[in-house]
Amino acid sequence: MSTPHTPPPQKNEPDKPPNFVLEIVERDVLAGKNGGKVRTRFPPEPNGYLHIGHAKSICLNFGIAEAVPGATCNLRFDDTNPSTEEDEFVRSIQEDLRWLGFDWGSRMYFASDYFGRLYDIALQLVEAGNAYVDSQSLEELREGRGSFYKPGRVSPYRERPVAENMDLFRRMRAGEFADGEHVLRAKIDMESPNQNMRDPVMYRIKREHHHRTGDAWCIYPMYDFAHGYSDAIEGVTHSICTLEFENHRPLYDWFLDQVPFDPRPQQIEFARLNLTYTIQSKRKLRQLVEGKHVAGWDDPRMPTLAGLRRRGFTPEAIRAFCERIGVSKRNSFVDVALLEHSVREDLNTRCRRAMGVLRPLRVVIENYPEGQEESLDAPWHPEDASHGTRSLPFSRVLFIDRDDFVEVPPKGWFRLSPGAEVRLRYACIIKCQRVVKDDRGNVVELRCTWDPDSRGGNPKDGRKVKGTLHWVSEKHAAAVEVRLYDRLFKTERPGEEGDDFLADLNPDSHEVLREARVEPALASAPVGDRVQFERVGYFCVDKESRPGKLVFNRTISLRDSWAAKQGK
């Protein structure tokens with residue numbers, strides 16, 4: 001038996017995020033419930049990729065197993081609907097969980113592991129007179145269920161004799177009937193105010209190839225029937241789910257009342273994660289993928305864990321975000337800016353700094369000797385010496401970012417303009433002497449001079465130069481593709497004002513820059529490497545990168561530019 005432990009004090013930790021579920025579990029342990037045993041589970045249906053909303057449930061269930069001595073957490077795939085489930089999704093879910101840093105050991109299960117046991121339990125319910133075979137059409141079943149305002153209608157087949165129900169259900173299993181010809185229903189209460197209790201369907205005939213059991217079954221259990229018994233078979237003590245299942249709890253308990261288990265799982269509901277500017281419906285995410293509105297489940301704009309990983313989010317940032325928002329019983333929306341803040345906060349400490357020019361503008365330093373080069377020693381992280389240094393080549397011809405130059409500077413402009421001086425990061429001070437344009441009047445090159453007495457960026461005469469620019473040497477820079485990602489939706493709650501959530505897609509959520517340049521130290525960066533482009537943002541090397549053709553995804557800008565745009 002597990003040794004009870006004292007839960008950490010709550011009153012003395014005012015900044016500790018709420019987690020009422022953990023508090024319930026800890027009280028149960030102290031009371032010796034289930035012999036002090038605690039087992040949770042994370043039960044995804046393998047019909048799509050996991051998204052940021054799942055991360056909250058993952059961190060809660062596996063987090064309890066980490067917080068409570070002796071507790072465990074199962075990974076179970078609730079694969080009872082072969083129409084939408086695939087091995088691809090099973091693999092992706094395991095990959096996402098490992099990436100987040102959670103391990104289920106040997107405790108990976110499938111609801112399909114229990115198909116035989118669930119069938120036997122269904123037979124028990126039929127034999128006890130608690131379930132019956134209904135032969136109404138799908139339309140009649142739906143109509144007979146009633147609504148919030150009127151009770152359900154009793155099926156004409158509800159009082160079939162037990163022997164007839166047993167025979168029909170066995171023949172359903174044997175494949176004697178067509179899809180939809182019969183269903184097995186629980187016999188509960190057609191007048192219950194809770195529609196979930198109005199003789200819910202337990203089994204339906206469905207001739208679909210299952211990703212694990214193949215064609216061994218032609219009847220499949222419904223989720224509400226299979227879920228609670230799967231929990232019980234695995235010895236789950238605390239079945240944690242989101243608030244939309246609160247009305248299903250009486251049904252969950254009713255099924256367990258008919259076939260008792262020890263320990264008996266306790267269903268606890270918590271508020272799901274609702275995030276602004278984000279869609280988390282699997283159906284709608286699938287619509288985005290199949291409609292080619294995104295490049296796949298792992299498109300870096302998608303809220304899937306695979307998409308966030310590809311974009312450069314860290315598992316530590318996501319776990320910190322889930323910890324920060326806490327676990328409560330009240331539904332609410334969390335500002336996506338809080339997730340973005342968690343990402344910036346994490347990347348700020350772990351990312352090396354380097355220089356990348358997204359929209360190159362050529363700069364020729366006319367008084368710097370032609371053919372001369374020098375190597376500057378620059379830290380990878382100015383605030384953390386443990387990251388070391390890198391060599392930064394400097395030469396007569398450089399690139400700066402086009403956004404750092406204007407011909408007619410507005411008030412308060414501290415970057416480059418005709419006649420103005422700026423500091424080049426780690427290098428020197430330059431002054432713009434003249435502007436070279438093409439036949440259309442576009443600026444194509446700046447002619448500048450440098451101050452040899454300002455090596456390192458500090459002029460010897462002590463004059464103040466406010467602007468500092470990032471740059472790369474034209475000769476030494478590596479050409480890369482940069483993909484700028486922004487929020488996929490332009491409204492806080494996509495589709496809220498109508499069913500067409502696609503109308504709220506942000507047309508500027510993806511921009512590709514194919515002429516970008518980065519300093520040579522990044523030329524061989526591996527896939528997944530994260531780096532901060534100084535003054536620009538955080539970037540990650542994309543999986544589509546090839547030797548000599550790196551692709552960088554923008555993870556996030558240095559500041560919340562979206563909020564600034566909205567303010568304007």
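Basis for what follows: all heavy atoms, side chains included, without hydrogens, waters or symmetry-related copies.
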*For Lys329, does the NZ atom have more than 12 heavy-atom neighbours from other residues, nucleotides or ligands under 6.0 Å away?*
yes
_Check: Phe102 ring centroid to Phe42 ring centroid under 6.0 Å_ = no
*List for me each residue that meets salt bridge (Lys or Arg N to Asp or Glu O under 4.0 Å) alongside Glu86, sequence neighbours excluded, and say none if there are none.*
none
*Just by distance, do the side chain of His51 and the backbone of Gln280 share a donor-acceptor pair under 3.5 Å?*
yes
*Search all heavy atoms of Asp79 against all heavy atoms of Ser112 and return the closest pair with its distance.*
OD2-OG, 2.7 Å
*In terms of heavy-atom contacts, does NZ of Lys284 have more than 12 from other residues, nucleotides or ligands at under 6.0 Å?*
yes
*Asp451/Arg463 under salt bridge (Lys or Arg N to Asp or Glu O under 4.0 Å): CA gap, chis, key distance, verdict*: CA-CA 12 Å; Asp451 177 2; Arg463 69 185 185 278; 2.9 Å; yes
*Taking the side chain as every heavy atom from C-beta outward, state whether Lys56 and Leu60 have any pair of such atoms under 4.5 Å apart.*
no
*asked:* If the condition is side chain to side chain donor-acceptor pair (under 3.5 Å), which residues does Asp508 pass it with, not counting sequence neighbours?
replied: none
*In terms of the angle between their ring planes, are Phe501 and Phe489 parallel, tilted or perpendicular, with boundaries placed at 30° and 60°?*
tilted
_Tell me the closest heavy-atom pair linking Ala354 and Leu522, and the distance in Å._
CB-CD1, 3.6 Å
*Taking the side chain as every heavy atom from C-beta outward, state whether Lys549 and Glu481 have any pair of such atoms under 4.5 Å apart.*
yes
*asked:* With ring pair (Phe, Tyr, Trp, His ring centres under 6.0 Å) as the rule and sequence neighbours excluded, what pairs involving residues 418-439 come up?
replied: none
*Do Arg324 and Ser342 have side-chain atoms, one donor and one acceptor, less than 3.5 Å apart?*
yes
*Look only at the side chain of Arg530 and the backbone of Arg350, and say whether a donor-acceptor pair between them is shorter than 3.5 Å.*
no
*How far apart are the closest heavy atoms of Arg559 and Arg344, and which atoms are they?*
O-NH2, 3.0 Å
*Any idea how Phe89 and Trp297 line up, ring-wise: parallel (<30°), tilted (30 to 60°), or perpendicular (>60°)?*
perpendicular
_By side-chain contact (heavy atoms from CB on, under 4.5 Å) - contacts of Arg535 (at least two apart)_ = Asp404, Arg415, Leu469, His470
*Got a sec, which residues hit side chain to side chain donor-acceptor pair (under 3.5 Å) with Arg447, two or more places apart in sequence or on another chain?*
Glu445
*asked:* Tell me whether Arg493 forms a cation-pi arrangement with Phe333, defined as NZ or CZ under 6.0 Å from the six-membered ring centre and within 45 degrees of its axis.
replied: yes
*So which heavy atom on Phe110 is nearest to which on His211, and how close?*
CE2-CE1, 4.2 Å
*Does a sphere of radius 6.0 Å around CD in Glu370 hold more than 12 heavy atoms from other residues, nucleotides or ligands, not counting ones at 6.0 Å or beyond?*
no
*Would you say the side-chain atoms of Trp471 pair up with the backbone N or O of Arg425, donor to acceptor, closer than 3.5 Å?*
yes
*Is any side-chain heavy atom of Leu22 closer than 4.5 Å to a side-chain heavy atom of Val327?*
no
*Indicate the atoms forming the closest heavy-atom contact of Glu373 with Ser395, along with that distance.*
CG-CB, 4.3 Å
*Salt bridge check: are Lys282 and Glu45 linked by an N-O gap of less than 4.0 Å?*
no
*With Glu66 via salt bridge (Lys or Arg N to Asp or Glu O under 4.0 Å) - residues at least two apart*: Arg319
Side-chain polar contacts of residues 427-436 - donor-acceptor pairs under 3.5 angstrom, sequence neighbours left out - could you list them?
residue	atom	partner	partner atom	Å
Gln433	NE2	Thr449	OG1	2.8
Arg434	NH2	Glu366	OE2	3.2

*Output all residues satisfying salt bridge (Lys or Arg N to Asp or Glu O under 4.0 Å) with Glu383, sequence neighbours left out; order by chain, then residue number.*
none
*Determine whether Leu243 and Asn331 make a side-chain contact, defined as any pair of heavy atoms from C-beta on separated by less than 4.5 Å.*
yes
*Kindly write out the residues that satisfy salt bridge (Lys or Arg N to Asp or Glu O under 4.0 Å) with Asp298, not counting sequence neighbours, or none if the list is empty.*
Arg310, Lys543
*Please answer whether the main-chain N or O of Trp104 pairs with a side-chain N or O of Asn74 as donor and acceptor at a distance below 3.5 Å.*
no
_Heavy-atom closest contact (Met302 atom, Leu308 atom, distance)_ = O-CD2, 3.9 Å
*asked:* Whether Arg440 and Asp438 form a salt bridge (side-chain N of Lys/Arg under 4.0 Å from carboxylate O of Asp/Glu) is what I want to check.
replied: no
*Residues forming a ring pair (Phe, Tyr, Trp, His ring centres under 6.0 Å) with His341, sequence neighbours excluded*: none
_Within-4.5 Å side-chain heavy-atom neighbours: Leu285 and Pro303_ = yes
_Using the side-chain contact (heavy atoms from CB on, under 4.5 Å) criterion, which residues pair with Asp439? Sequence neighbours excluded._
none
*Among pairs that include at least one residue of residues 94-111, which meet salt bridge (Lys or Arg N to Asp or Glu O under 4.0 Å), considering only residues two or more places apart or in two chains?*
Glu95-Arg309, Asp96-Arg309
_I'd like to know if Glu515 and Arg359 make a salt bridge, using a cut-off of under 4.0 Å between side-chain N and carboxylate O._
no
